[in-house]
Amino acid sequence: MVLKKIVIRNEMNGISERMVHKAVIGESGEHYLETILFLKKEKGFVRSIDIAQRTGFSKPSVSRAVGILKQNGYIMVEDNGEIIFTKEGEQKAITIYERHHILTEFFKKVADVSEQVAEEDACKIEHIISNETFEGIKKYMADKK
């Protein structure tokens with residue numbers, strides 16, 4: 001959990017700043033959410049062992065990541081070990097997947113790179129690109145269809 005400064009604009013009192021707890025899961029957490037989404041689409045259900053097998057990460061590393069995602073309200077873990085998205089978690093995973101897919105297509109079509117290079121670069125960039133830049137690329141790709 002990271003403290004993040006937010007600015008609140010209030011007509012009566014002007015601007016005030018305060019620190020709030022905001023769950024920032026970062027690139028690693030986003031990668032786990034995306035992996036869970038892929039596995040859910042492929043298999044219909046996801047367990048920690050499935051994530052470990054897909055990513056090649058150790059079971060303890062996956063267990064820790066799952067705990068963090070659960071603590072931050074992105075997933076729930078059923079008694080049988082099945083991992084289920086919360087609404088917020090599913091939306092976050094879908095957003096990450098959309099970025100990955102659109103950036104991959106952009107790199108293939110505009111930069112004329114191979115599928116593998118496009119996938120690898122999209123995976124890196126999807127986590128750091130600004131919303132403004134991504135929305136511009138998304139609009140560009142939609143206009144080119």
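Below, each value reflects all heavy atoms present in this structure, side chains not excepted, and no hydrogens, waters or symmetry copies.
When side chains are defined from C-beta on, Ile125 counts as touching Phe107, because their heavy atoms get closer than 4.5 Å. At least one side-chain heavy atom of His100 sits less than 4.5 Å from a side-chain heavy atom of Glu119. Side-chain contact check for Leu69 versus Ile83: every heavy-atom pair is 4.5 Å or farther apart. When side chains are defined from C-beta on, Asp121 does not count as touching Leu103, because their heavy atoms never get closer than 4.5 Å. Counting only heavy atoms from C-beta outward, the side chains of Leu33 and Phe85 approach each other to under 4.5 Å. Using a 4.5 Å cut-off on side-chain heavy atoms (C-beta onward), His31 and Thr55 make contact.
Linking ILVMFWY residues whenever their side-chain heavy atoms come closer than 4.5 Å, directly or via other members, leaves Ile137 and Ile96 in distinct clusters. Criterion: ILVMFWY side-chain heavy atoms under 4.5 Å apart, direct or through other members. Under it, Ile94 and Tyr74 are part of a common hydrophobic cluster.
Within the structure, salt bridge (Lys or Arg N to Asp or Glu O under 4.0 Å) contacts touching residues 48-70 (residues at least two apart or in different chains) are Glu42-Arg54, Lys43-Asp50, Arg47-Asp50. Screening residues 44-66 for ring pair (Phe, Tyr, Trp, His ring centres under 6.0 Å) gives Tyr32-Phe57 as the qualifying pairs, with residues at least two apart or on separate chains. Applying the salt bridge (Lys or Arg N to Asp or Glu O under 4.0 Å) test to pairs two or more places apart or on separate chains, those with a residue in residues 29-39 are Glu30-Lys92.
Under the salt bridge (charged side-chain N to carboxylate O under 4.0 Å, His left out) criterion, Lys139 pairs with Asp143, not counting sequence neighbours. Listed by chain and number, the residues in a salt bridge (charged side-chain N to carboxylate O under 4.0 Å, His left out) with Glu105 are Lys108, Lys109 (sequence neighbours excluded). With sequence neighbours excluded, the residues that form a side-chain contact (heavy atoms from CB on, under 4.5 Å) with Asn80 are Glu78, Glu82.
No donor-acceptor distance shorter than 3.5 angstrom exists from the side chain of Thr104 to the backbone of Ala122, with no hydrogens or angles considered.
The NZ atom of Lys40 sits 14.5 Å away from the OG1 atom of Thr35 when rounded to the nearest 0.5 Å.
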